[in-house]
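As structure tokens, the structure follows; a few thoughts come after it.
For this chain, numbers begin at 1 and follow the sequence in order.
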Amino acid sequence: GRDWLADKLREHVSRPVTYRRGASEIPVPATIGRTLMKLADGEGGVRMEWTDRDFLIRADALVIAGNRITPERGDTVVDDGKVYEVMAPGGEPPWRVSDPFGHMLRIHAKFVGNV
């Protein structure tokens, strides 16, 4: 059922983006989102911060040079002429699985410029 839902999400809600690591890049379908993160404020409290952009991408779509990869800080995603760097605020991990089976990844990114 989850594979079916991931396939439907890709077919009807996603759009093509380019995932880059160094000089390598691959086209992948991505669903666009955002995440509200709870971050420590350094004084015992919590502050809330939105990610600039999240990309929901099937884990099996991230294959570069025949090797399946996981997102890393510093990778970039190009979406409609805009470049987003894989990162998350407050030292949080830059990605997480978005379903119980790890089929879909939610990749947090920050806008860094235009192509």
Q.
Any heavy-atom pair between the side chains of E25 and V78 that's under 4.5 Å?
A. no

Q) What is the minimum heavy-atom distance between G74 and E85, and which atoms define it? A) CA-OE2, 3.6 Å

Q: Flag the pair L62 / I26 as yes when at least one side-chain heavy-atom distance between them is below 4.5 Å, and no otherwise.
A: yes

Q: Tell me, yes or no, whether the heavy-atom count around N114 atom CG, taken from other residues, nucleotides or ligands under 6.0 Å, exceeds 12.
A: yes

**Q.** Among V13, I57, V17, the one residue meeting side-chain contact (heavy atoms from CB on, under 4.5 Å) with T31
**A.** V13

(Q) Please give me the minimum heavy-atom distance between P94 and A88, naming the atom from each residue. (A) CA-CB, 4.1 Å

**Q.** R53 vs K82, side-chain contact (heavy atoms from CB on, under 4.5 Å): CA-CA, chis, key distance, verdict
**A.** CA-CA 11 Å; R53 172 81 43 106; K82 294 181 175 18; 5.7 Å; no

Q.
As an exercise, state the distance from OG1 of T76 to CZ of R20, rounded to the nearest 0.5 Å.
A. 5.5 Å

Q. Is there side-chain contact between F55 and V28, with heavy atoms separated by less than 4.5 Å?
A. no

Q) Residues in side-chain hydrogen bond (donor to acceptor under 3.5 Å, both in side chains) with E92, at least two apart? A) none

Q: Please step through side-chain contact (heavy atoms from CB on, under 4.5 Å) for the pair V63 and I69, ending with a clear verdict.
A: CA-CA 6 Å; V63 177; I69 64 165; over 6 Å; no

Q. Where is the tightest heavy-atom contact between M87 and R73, given as atom of each residue plus distance?
A. CA-NH1, 4.2 Å

Q) Side chains of V86 and E72: does their closest heavy-atom pair fall under 4.5 Å? A) no

Q.
Quick check: do Y84 and I107 have side-chain heavy atoms less than 4.5 Å from each other?
A. no

Q) Can you name the nearest heavy-atom pair linking D52 to F111, along with the distance? A) OD2-N, 2.9 Å

